[in-house]
Amino acid sequence: VQLQASGGGLVQPGGSLRLSCAASGTNFRNYIMGWYRQAPGKQRELVASITSNNRATYADSKKGRFTVSRDNYKNTVYLQMSSLESEDTAVYYCNARAIATYWGQGTQVTVSS
């Protein structure tokens, strides 16, 4: 399974970004897809996850600002982030979980003025 994350970048506080993660080499529908993030000096943490039938779960602090979605025809999972804060600065990773777990390479999100 290969996961390719994209869409990160530099954004001002209050701004928005949409991350994408394209999966290949597998039956995408078999996997729960997740987004995690890791800020400097901190542990990797769950941001959101979504099942193949679109049941989404969010870390409490992300509810209302982040939206996870997936397109099972494009084998892609998305993370729409809005009202970004400096505390959201991190490397964001996508993750595919079934019997085994796979990770993408990460995409940097920097929230700064």
Side-chain angles (χ1 to χ4, degrees):
V1 178
Q2 292 81 45
L3 302 173
Q4 182 70 43
S6 61
L10 174 64
V11 62
Q12 291 187 342
S16 299
L17 276 177
R18 188 176 82 154
L19 306 182
S20 301
C21 176
S24 60
T26 186
N27 187 340
F28 184 71
R29 295 171 188 265
N30 289 343
Y31 290 83
I32 297 171
M33 300 300 297
W35 285 100
Y36 288 71
R37 71 185 189 185
Q38 187 167 19
K42 295 188 177 181
Q43 290 189 331
R44 191 173 296 188
E45 62 174 356
L46 174 69
V47 174
S49 63
I50 186 166
T51 66
S52 60
N53 60 353
N54 292 311
R55 186 172 72 243
T57 302
Y58 297 91
D60 286 344
S61 62
K62 316 303 182 291
K63 287 180 180 178
R65 296 193 300 122
F66 291 8
T67 302
V68 62
S69 61
R70 65 191 289 164
D71 186 329
N72 289 333
Y73 295 99
K74 294 183 178 179
N75 289 358
T76 301
V77 62
Y78 304 97
L79 183 68
Q80 178 68 47
M81 305 184 292
S82 60
S83 301
L84 285 163
E85 305 165 353
S86 58
E87 292 77 13
D88 296 315
T89 295
V91 178
Y92 284 71
Y93 298 90
C94 62
N95 155 293
R97 178 166 57 89
I99 296 175
T101 299
Y102 301 90
W103 292 91
Q105 86 288 3
T107 184
Q108 176 70 47
V109 172
T110 302
V111 184
S112 175
S113 55

Asker: Taking only residues two or more places apart in sequence, or in another chain, which ones meet Q4 in a side chain to side chain contact (heavy atoms under 4.5 Å, CB included)?
Answerer: Q105
Asker: Below 3.5 Å, can you tabulate the donor-acceptor pairs from side chains in residues 76-83 to any protein atom, sequence neighbours excluded?
Answerer:
| unit_1 | atom_1 | unit_2 | atom_2 | d |
| --- | --- | --- | --- | --- |
| T76 | OG1 | K74 | O | 2.9 |
| S82 | OG | R65 | O | 3.0 |

Asker: Output all residues satisfying side chain to side chain contact (heavy atoms under 4.5 Å, CB included) with V111, sequence neighbours left out; order by chain, then residue number.
Answerer: V11, P13, L84, D88, T89, V109
Asker: Would you give the length of the straight line joining atom CZ of R44 to atom CZ of R37, rounded to the nearest 0.5 angstrom?
Answerer: 13.0 Å
Asker: In the structure I gave you, are the side-chain heavy atoms of S112 and L10 within less than 4.5 Å of one another anywhere?
Answerer: yes
Asker: Under the rule for ring pair (Phe, Tyr, Trp, His ring centres under 6.0 Å), what residues qualify as partners of Y36, not counting sequence neighbours?
Answerer: W103
Asker: If you measure from CH2 on W35 to SG on C21, what distance do you get to the nearest 0.5 Å?
Answerer: 5.0 Å
Asker: Using 0.5 Å steps for rounding, measure from the CZ atom of F66 to the CG atom of L17.
Answerer: 9.5 Å
Asker: Does any pair with a residue in residues 8-18 pass side-chain hydrogen bond (donor to acceptor under 3.5 Å, both in side chains), and if so which ones, sequence neighbours excluded?
Answerer: none
Asker: Between side-chain atoms of residues 27-34 and protein atoms elsewhere (two or more places apart, or another chain), which donor-acceptor pairs fall under 3.5 Å?
Answerer:
| unit_1 | atom_1 | unit_2 | atom_2 | d |
| --- | --- | --- | --- | --- |
| N27 | OD1 | R29 | N | 3.2 |
| Y31 | OH | T26 | OG1 | 3.3 |

Asker: Specify the closest pair of heavy atoms between N72 and N75, including all atoms of both residues, with the distance to one decimal.
Answerer: O-OD1, 3.2 Å
